Amino acid sequence: MARSPASPITSAARSREAPDPPAPASGGAGRDGPDPLAPLDRSELPVETAALARFLIGKVVARALPEGVVSGRIVETEAYGVGDAAGHAFSGLTERNRSLFLERGHAYVYFIYGRSWMLNVSAETPGIGAGVLIRAIEPRDGVSIMRLNRGTGPLRDLARGPGRLAAALRIDRSLDGLDLCRRGPLWLARGDAAAHEIGESVRIGISREADRLLRFYVRDSPYVSGPRRLNA
DNA sequence: TATGAGATTGGCT
DNA sequence: GCCAATCTCATAG
């Protein structure tokens, strides 16, 4: 089948049928303050990749599954920005990385090491390939569903690490290209703006551009991945 | 068509 | 702490 890599991406995932959106938290959401699962507006997202990576710390990733909503607070991200040799977009647009070139706030999902799915949020402006890897979340809603998705395990390990996170939220290629700024199968939400201190370190598991401080994490969070020396 | 490397994980020493 | 598993994609031939 003829397929033009440069053709506009009309996100197949976006038109895919989504499970019913979750009902707002029981009771009057108005009186209890803003809905923590309300989607982020794209205009709130910083355009620049590292700024977006930092911004996303403390925000929420939410996943609608047939069994219910699963969500968690983002506690660790990494930026793969413009001209970054460690980024998947460094060598230009390909079939695999095309979602990185979408407008900011879209999902780039890929499979690695024969075992793990990775969730990224596209950054920068349309046509520019850049993204933020979501490396870990603190489980919030649907913990029992996460346990089923992951097999039994300690709460702390359910979504500590990008592959585990994707497994816990049942993320795979079917979500690649999805708009994360609208309530659907997967989206980014405001969360409850809990206080946190953000640490910076080098990125994990890469060989190129390995000394750049483009990893961001919540200090003192037990749900952060990576060696202890990077999480000081 | 073949091959090498990869934004990881889990099991074993 | 070390290392194999396992598969997809990009690149070379």
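Just so we're clear, the structure is a prediction, and the values are computed from it rather than from any experiment. Naming convention: chains lettered A, B, ... in sequence-line order (proteins, then strands); numbering from 1 in each chain.
- For A:Arg115 and B:dT9, the CZ to P distance is 9 Å, given to the nearest whole Å.
- Taking side-chain N and O atoms only, A:Ser116 has no distance below 4.0 Å to OP1 or OP2 of B:dT9.
- The separation between A:Met118 atom CE and C:dC7 atom C1' is 13 Å, rounded to whole Å.
- Judged purely by atom type and a 3.5 angstrom limit, A:Arg182 has no side-chain atom pairing as donor or acceptor with the backbone of A:Trp187.
- The phosphate of B:dG6 (OP1 or OP2) has a side-chain N or O of A:Ser207 nearer than 4.0 angstrom.
- Computed from coordinates, the A:Glu78 CD to B:dT8 P distance equals 7 Å when rounded to whole Å.
- Rounded to whole Å, the distance from CZ on A:Phe90 to C1' on B:dA5 is 16 Å.
- Between the CZ atom of A:Arg212 and the P atom of B:dA7 there is a distance of 15 Å, rounded to whole Å.
- Going from atom OH of A:Tyr80 over to atom P of B:dG6 covers 12 Å, rounded to whole Å.
- Checked for salt-bridge contact, A:Arg42 and A:Asp179 meet the test: a charged N lies under 4.0 Å from a carboxylate O.
- Using a 30° and 60° split on the angle between ring planes, A:Phe111 and A:Trp117 fall in the tilted class, from 30° to 60°.
- Without hydrogens or angle criteria, A:Arg170 side chain to A:Leu65 main chain gives no donor-acceptor distance under 3.5 Å.
- Remark: C:dT6 base-pairs with no nucleotide in the shown strands. Criterion, Watson-Crick or G-U wobble with two distances under 3.5 Å.
- By the stacking rule of 5.5 Å between ring centres and under 30° between planes, A:Tyr113 does not stack on the base of B:dG6.
- Which of B:dT9, B:dG6, C:dT8 sits closest to the side chain of A:Phe111 comes down to C:dT8.
- When the C1' atom of B:dT8 is taken as reference, atom CG of A:Asp157 falls 14 Å away, rounded to whole Å.
- Between A:Arg173 atom CZ and C:dC7 atom P the separation is 13 Å, expressed in whole Å.
- When both pairing distances are held under 3.5 Å, B:dA7 makes no Watson-Crick or G-U pair with any nucleotide shown.
- If you check every strand for non-hydrogen atoms under 4.0 Å, A:Arg150 touches sugar and phosphate atoms only.
- Here the closest heavy-atom approach between residue A:Pro139 and residue A:Leu158 is recorded as CG-CB, 4.2 Å.
- Among the atoms of the strands shown, only primed sugar atoms or phosphate atoms (P, OP1, OP2) are found under 4.0 Å from some heavy atom of A:Arg96.
- Dashed line: the shortest gap from a side-chain N or O of A:Arg208 to OP1 or OP2 of B:dA7 is not under 4.0 Å.
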